[in-house]
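Numbers restart at 1 for each chain; the letters A, B, ... are given by sequence-line order, proteins then strands.
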Amino acid sequence: MPELPEVETVAKSIEKHLIAKSFKSIHVNWIKTLDNFSLSDFKHKVKGLSVARVYRRAKYIIIDFNEVLLAVHLRMTGKLYVVNSIKPDQKHISLFLKFDNKYLIFEDTRKFGRFYLFDNLDYLNNKLGIEPLSNNFSKEWILENIKSKNRQIKSLLLDQSFICGIGNIYADESLWFAKIHPLSISSAIPNNKLIKLQTSIVKVLSESIKRGGTTIRDYTYDFSYVGNYALNLKVFNRSGKKCLRCKSIILKIKVAQRGTHYCPNCQTNK
DNA sequence: CCATGAACCTGGTCGC
DNA sequence: TGCGACCAGGTTCATG
């Protein structure tokens with residue numbers, strides 16, 4: 001589910017509730033949600049600490065206490081939100097944290113989501129690639145780094161150790177804007193298309209953040225708020241429909257085991 | 001270095 | 001209505 005824009009939206013929406021607060025307790029229904037720490041670790045290292053900042057790094061939501069941090073990955077179906085009271089019969093609550101008289105809820109139907117406890121960002125920084133919305137993500141960076149790989153371009157865009165934050169939706173959208181076939185070998189893509197790809201990625205991600213992310217299933221981030229970038233999608237989930245540029249029929253194939261949507265007429269250089 | 005397939009989970013949809 | 005097959009916004013690990 002969530003890619004960079006959705007994670008950014010979630011981080012922003014919970015930040016205002018959590019700043020300067022401290023968690024009093026944790027209640028875990030699905031123990032695997034705690035990836036690299038235990039209930040005892042939480043009690044000794046996190047409980048009582050004041051939240052300094054909440055932000056996004058790649059697809060992780062970081063709750064930063066200065067001396068330690070909690071990193072939350074939503075994976076496919078995770079939802080993180082604040083409520084005033086718990087509904088006892090609510091399904092799919094993997095865990096919740098209590099603070100003040102409120103609760104930070106982690107709801108996750110497919111149970112893939114994970115919480116991590118780190119001393120600092122070193123571990124994540126070492127394994128994650130460039131942030132596509134940072135200044136370092138330039139045309140020069142794209143040309144140098146994509147040319148140096150021999151990978152199917154869509155697969156490369158999904159590789160979090162290369163560029164982080166792009167997922168299945170925005171990979172397809174970015175490639176459509178840049179007119180690149182998703183199976184193109186990265187080293188063989190012409191420079192002008194790679195330059196276009198750089199601007200497309202930045203445009204697609206930042207526009208989605210403005211709109212609060214994409215909603216394909218019903219997905220709410222902050223009480224009643226619903227992202228509406230889905231209304232803006234050009235190829236994703238549009239197989240069988242006409243390309244909005246050339247009227248050809250959008251096709252759906254598998255690339256890197258992911259459903260991949262593209263226009264066979266205007267996305268070329270396979 | 002790179003591609004593929006399985007695993008981790010639950011629920012929705014589609015065809016018969 | 002029921003049932004099986006397949007699909008889903010992500011990541012990791014094993015294998016060739």
Side-chain angles (χ1 to χ4, degrees), chain A residues 1-11 29-36 56-61 71-80 90-95 106-116 123-124 126-129 132 145-176 182-188 201 204-205 208-209 211-221 226-240 252-261 270:
Chain A
M1 51 138 270
E3 305 179 35
L4 186 154
E6 289 73 31
V7 177
E8 177 85 22
T9 305
V10 173
N29 294 321
W30 186 256
I31 194 63
K32 286 181 172 180
T33 308
L34 306 186
D35 187 280
N36 69 337
R56 177 194 63 76
R57 170 74 172 101
K59 297 178 190 170
Y60 294 82
I61 297 153
V72 183
H73 200 301
L74 306 173
R75 294 287 172 84
M76 299 288 265
T77 55
K79 300 174 186 178
L80 192 66
Q90 196 176 353
K91 294 180 75 176
H92 309 310
I93 305 300
S94 286
L95 67 78
F106 186 61
E107 178 185 340
D108 186 19
T109 306
R110 289 178 68 181
K111 299 188 169 89
F112 292 164
R114 294 291 182 264
F115 276 54
Y116 306 83
Y123 175 81
L124 291 181
N126 284 335
K127 77 176 212 160
L128 293 169
N145 289 280
I146 291 191
K147 288 268 175 187
S148 69
K149 302 274 187 185
N150 292 299
R151 301 268 307 270
Q152 297 169 348
I153 185 64
K154 172 154 179 182
S155 180
L156 188 55
L157 293 182
L158 292 174
D159 184 340
Q160 302 298 299
S161 70
F162 185 67
I163 301 173
C164 64
I166 299 174
N168 207 33
I169 295 177
Y170 302 110
D172 282 3
E173 293 295 300
S174 301
L175 290 172
W176 182 84
L183 285 172
S184 298
I185 298 302
S186 55
S187 57
I201 289 169
V204 162
L205 295 176
S208 183
I209 289 173
R211 290 167 176 256
T214 295
T215 302
I216 288 176
R217 319 248 160 94
D218 56 324
Y219 191 81
T220 61
Y221 301 103
V226 178
N228 62 5
Y229 189 76
L231 302 172
N232 225 33
L233 295 175
K234 306 300 184 199
V235 270
F236 190 83
N237 251 7
R238 293 195 70 250
S239 56
K252 183 175 181 182
I253 60 173
K254 284 270 188 208
V255 178
Q257 269 119 249
R258 314 298 303 278
T260 297
H261 317 77
K270 181 180 166 182

Query - Under 5.5 Å and under 30°: A:Phe112 stacked on B:dC9 - result: no
Query raised in the report: Where the side chain of A:Lys127 is concerned, which of C:dA8, B:dG11, C:dT12 is the nearest nucleotide?
Result: C:dT12
Query raised in the report: Which one, B:dT10, B:dC9, C:dG9, comes nearest to the side chain of A:His92?
Result: B:dT10
Query - Canonical and wobble pairing (Watson-Crick, G-U, under 3.5 Å) of DNA chain B, dot-bracket with | - result: .|||||||.|||||||
Report task. Could you tell me whether the phosphate oxygens of B:dG11, OP1 or OP2, come under 4.0 Å of any side-chain nitrogen or oxygen in A:Lys91? Result -> yes
Report task. Output yes when at least one side-chain N/O atom of A:Lys254 is less than 4.0 Å from OP1 or OP2 of C:dC6, else no. Result -> no
**Report entry** Sugar-phosphate only, base, or nothing, as touched by A:Gly259 at under 4.0 Å among non-hydrogen atoms
**Finding:** sugar-phosphate
**Report entry** Gap between atoms CD1 and P, on A:Ile163 and C:dT11 respectively (whole Å)
**Finding:** 14 Å
Query - Rounded interatomic separation in angstrom, taking CD from A:Glu3 and P from C:dG10 - result: 5 Å
Query - OP1 or OP2 of C:dT11 under 4.0 Å from side-chain N/O of A:His73 - result: yes
Report task. Using a 4.0 Å heavy-atom cut-off, write out nucleotides 1-7 of chain B from 5' to 3' as B (base contacted by protein), S (sugar-phosphate only) or - (no contact). Result -> -SSSBB-
**Report entry** From CA spacing to verdict: side-chain hydrogen bond (donor to acceptor under 3.5 Å, both in side chains), A:Asn237, A:Lys252
**Finding:** CA-CA 9 Å; A:Asn237 251 7; A:Lys252 183 175 181 182; 5.4 Å; no
